[in-house]
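One structure below.
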Amino acid sequence: MHLTPLQHTVDVFDGDTWRENTRKLYEYMNREFVDTVEQLQELFPATWENRLPIIRPVPFVHRLSRSLSTLYQKPASRRFIGRGWTPQIQQEVEIQYEEIGVNIHMMRLQEHLVAMNNAVSFVVPGFPVERGKVRLVTVPPHFVDIKMKDHLSTEPYDAEEVHIKLPVSTDPHTGLIYYGIARITNEEARWVDAPKKLRGEGLWFKDGSNPIGIIPLIILRGSEPQIGHIWAHENQDLLQAQRALNLSLTDIAYTSALQSAAIGVLRGVSRQHAEEIQIGPETMLGLPDPEMNLDFKSPKADIQSYSNSVMDYMKLSLSHAGLNPDLFLQSSGSISATAKQYDAIERQVEKTRHEQTFRRAEQRLWGLIRRWNNALRGNGVEVYPNAKVEVDFHEPAPIVDALHEAQALRMFIEDGQTSPAQALAQREGIPLEAARKRVETNIKDTLKTRAMNPAPVDGNAAQGKPVQVSETSKIIQ
């Protein structure tokens, strides 16, 4: 018998817990705090309703997801490289990407990725299908269930089937949204659990077919999933941090409210007589018996230490998320340039990981969009050829002095590290070819203006002789 230290040949993935935690993170990301109320009910079954008026929710997950989702804050530019790719096709694809909102869609996916550690894009035909348009749907990960053919694979194109929950109707009177569950394979797409009129019907076409031959799903993950699983683990630490902040701040507010008024203690009087005594402004109280005594007691809970503990926990959570707590919390004190640089370095770590993830997602996205275009508009003829997608991300430039920024840019251009067109494309998030044309137009206009209105910068100009074009202008050209 072969001896091995490996044990536990059965591994159970608690899908229900993963789905429930992911749902709560999704709600917090969208500034919904139902989970906080549920936690109060569980922790304080007798007094939770008294805490609701002073509940103190903090949009921690919401703000964190937006602070770390910077790849598409400025529109990304794309270059498609492939055989048969022409400038006309490039222009058509750019227009289509703008119409269906690819950059906005990818920015939402990054927010999901930061908050839940998983993100799902569903690429489907638009409604009605006869228009031949493509639609991008951002689906919450907990709305998707995937059955894999290859249990060593973590890619959706190796899936045997996918079940996805989608909205089908809305009640106009109550506002309730009704959902159905669709089953999608490489061959067909049908409603399997939906209102009676939809059950068994095709998801996109009456015959229930899937004309592109693959499941049109893109999955992005913030960490490598455990072998045998398709999903990365949810951000349990982020969920606990959000809960701790809401519950602790609510507890501080509730405790402060309880101890804000002193409690009167009256000795030597029966309870019946004590309840008849009124204490307050413009009220006189006489105690006829010297054994009687009136005193006030005020609880002195250490609220400040409690509050400091909560703040320390928040800062620790932020620092481990790759953010500078002072910058994130916008502290009133001055923040050094060194601290800002370290914050940028920490963010760069996560940014680099996300860049690699989203470059792969961009390639798969184009593959699905191309397949749908060919299926909906091609009539058996290829509308767009296959191509490799190269993406340039244009994040907002750090705030610096405008003069020094211009001088540094000119030095970069003179040293050959960049060009005016590349700098313009990166700054405004436009394609390189469009930036190159704009730079050429601007240079021509500038030279024409100088020729019409020469400035008397030297003796030759003052005597009406031709003005020499500066070396810098030559470099820019």
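Residue numbers start at 1 and run along the sequence shown.
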Check: Which is it for Thr138 and His112 under the side-chain hydrogen bond (donor to acceptor under 3.5 Å, both in side chains) test, yes or no, and what are the steps along the way?
Finding: CA-CA 9 Å; Thr138 307; His112 282 213; 5.8 Å; no
Next item on the list: Quick one: closest heavy-atom pair of Val58 and Gln242, and the distance?
Entry: O-NE2, 2.7 Å
Next item on the list: Could you name each residue pair satisfying salt bridge (charged side-chain N to carboxylate O under 4.0 Å, His left out) that touches residues 178-188, not counting sequence neighbours?
Entry: Glu161-Arg183, Arg183-Glu188, Glu188-Arg190
Next item on the list: May I ask you to check whether over 12 heavy atoms, not counting those of Gln407, lie within 6.0 Å of atom CD?
Entry: yes
Margin query: Suppose the criterion is ring pair (Phe, Tyr, Trp, His ring centres under 6.0 Å): which pairs have a residue in residues 120-174, not counting sequence neighbours?
Written below: Tyr26-His142, Phe143-Tyr179
Notebook entry, point to check: Does Asn118 use its side chain to pair, donor to acceptor, with the backbone of Ala232 at less than 3.5 Å?
Noted result: yes
Next item on the list: Answer with yes or no whether the side chains of Ser77 and His394 bring together a donor and an acceptor at under 3.5 Å.
Entry: yes
Check: With side chains defined as the heavy atoms from C-beta onward, is the minimum distance between Phe358 and Leu109 less than 4.5 Å?
Finding: yes
Notebook entry, point to check: In terms of heavy-atom contacts, does CD1 of Ile104 have more than 12 from other residues, nucleotides or ligands at under 6.0 Å?
Noted result: no
Checklist line | Any residue meeting side-chain contact (heavy atoms from CB on, under 4.5 Å) with Ser248, in chain and number order, not counting sequence neighbours | finding: Tyr306, Val310
Checklist line | Side-chain donor/acceptor of Thr154 to backbone N/O of Ile230, under 3.5 Å | finding: no
Notebook entry, point to check: Going by heavy atoms in the side chains, are Pro156 and Ile218 under 4.5 Å from each other?
Noted result: no
Note to self: I'd like to check Leu238 versus Phe60 (side-chain heavy atoms, cut-off strictly below 4.5 Å). Are they in contact?
What the structure shows: yes
Note to self: Under the rule for side-chain hydrogen bond (donor to acceptor under 3.5 Å, both in side chains), what residues qualify as partners of Ser305, not counting sequence neighbours?
What the structure shows: Asp302
Item checked: N-O pairing of Arg23 and Glu20 below 4.0 Å -> yes
Margin query: Using only atom types and a distance under 3.5 Å, with no angle test, would you say the side chain of Asp415 pairs donor to acceptor with the backbone of Gln417?
Written below: no
Next item on the list: For residues Glu355 and Leu71, determine if any side-chain heavy atom of one lies less than 4.5 Å from a side-chain heavy atom of the other.
Entry: yes
Margin query: Does this structure show an ion pair linking Lys133 with Glu99, if we count only N-O contacts that are shorter than 4.0 Å?
Written below: yes
Note to self: Listing request: all side-chain hydrogen bond (donor to acceptor under 3.5 Å, both in side chains) pairs with a residue in residues 35-45, at least two apart in sequence or in separate chains.
What the structure shows: Tyr28-Asp35, Tyr28-Thr36, Asp35-Arg243, Thr36-Asn246
Checklist line | Under 3.5 Å: donor-acceptor pair, side chain of Arg199, backbone of Ala194 | finding: yes
Checklist line | Student check: side-chain heavy atoms of Trp231 and Ile219 closer than 4.5 Å | finding: yes
Checklist line | For Pro211, side-chain contact (heavy atoms from CB on, under 4.5 Å) partners two or more places apart | finding: Phe205, Ser209, Trp372, Ala375
Check: Side-chain contact, heavy-atom cut-off 4.5 Å: Val120 with Val137?
Finding: no
Checklist line | Spacing of CE belonging to Met29 relative to CZ belonging to Arg66, to within rounding of 0.5 Å | finding: 9.0 Å
Notebook entry, point to check: Given side chains that start at C-beta, do those of Leu376 and Val129 come closer than 4.5 Å, heavy atoms only?
Noted result: yes
Check: Quick one: side-chain contact (heavy atoms from CB on, under 4.5 Å) partners of Asn186, sequence neighbours excluded?
Finding: Lys149, Ile214, Ile215
Note to self: Salt bridge or not between Asp251 and Arg51? Use side-chain N to carboxylate O under 4.0 Å.
What the structure shows: yes
Notebook entry, point to check: Hey, is the main chain of Tyr384 close enough, under 3.5 Å, to the side chain of Asn373 for a donor-acceptor pair?
Noted result: no
Notebook entry, point to check: Is the count of non-hydrogen atoms from other residues, nucleotides or ligands lying under 6.0 Å from Glu160 atom CD greater than 12?
Noted result: yes
Item checked: Qualifying residues under ring pair (Phe, Tyr, Trp, His ring centres under 6.0 Å), relative to Phe80, sequence neighbours excluded -> Trp85, Tyr97, Trp366
Item checked: salt bridge (charged side-chain N to carboxylate O under 4.0 Å, His left out) between Glu382 and Arg370, worked out -> CA-CA 9 Å; Glu382 186 176 69; Arg370 171 179 168 270; 2.5 Å; yes
Checklist line | Test side-chain contact (heavy atoms from CB on, under 4.5 Å) applied to Asn442 - qualifying residues, sequence neighbours left out | finding: Arg438
Next item on the list: Would you check, one step at a time, whether the test salt bridge (charged side-chain N to carboxylate O under 4.0 Å, His left out) holds for Glu27 with Lys24?
Entry: CA-CA 5 Å; Glu27 292 174 350; Lys24 293 171 181 177; over 6 Å; no
Check: Which residue pairs pass the salt bridge (charged side-chain N to carboxylate O under 4.0 Å, His left out) test with at least one member in residues 171-182, sequence neighbours excluded?
Finding: none
Next item on the list: For Ser223 and Asn117, test the side chains for any donor-to-acceptor distance below 3.5 angstrom and give the result as yes or no.
Entry: yes
Check: Which residue pairs pass the salt bridge (charged side-chain N to carboxylate O under 4.0 Å, His left out) test when at least one of the two sits in residues 76-96, sequence neighbours left out?
Finding: Arg78-Glu362, Arg79-Glu390, Arg79-Asp392
Check: What are the two closest heavy atoms between Thr418 and Ala423, and how far apart are they?
Finding: OG1-N, 3.9 Å
Note to self: Keeping Gln422 on the side-chain end and Ala435 on the backbone end, is there a donor-acceptor pair under 3.5 Å?
What the structure shows: no
Notebook entry, point to check: Quick one: are Ile55 and Leu40 in side-chain contact, heavy atoms under 4.5 Å?
Noted result: yes
Checklist line | NZ/NE/NH1/NH2 to OD/OE distance under 4.0 Å, Arg108 and Glu111 | finding: yes
Check: salt bridge (charged side-chain N to carboxylate O under 4.0 Å, His left out): which pairs involve residues 218-231, sequence neighbours left out?
Finding: Glu155-Arg221
Next item on the list: Starting at OG of Ser65, measure out to CE of Met116 and round the result to the nearest 0.5 Å.
Entry: 9.0 Å
Next item on the list: Taking only Lys NZ, Arg NE, NH1 and NH2, and the carboxylate oxygens of Asp or Glu, determine whether Arg410 and Glu414 approach each other closer than 4.0 Å.
Entry: no
Check: Shortest non-hydrogen contact from Ala115 to Val61?
Finding: CB-CG1, 3.9 Å
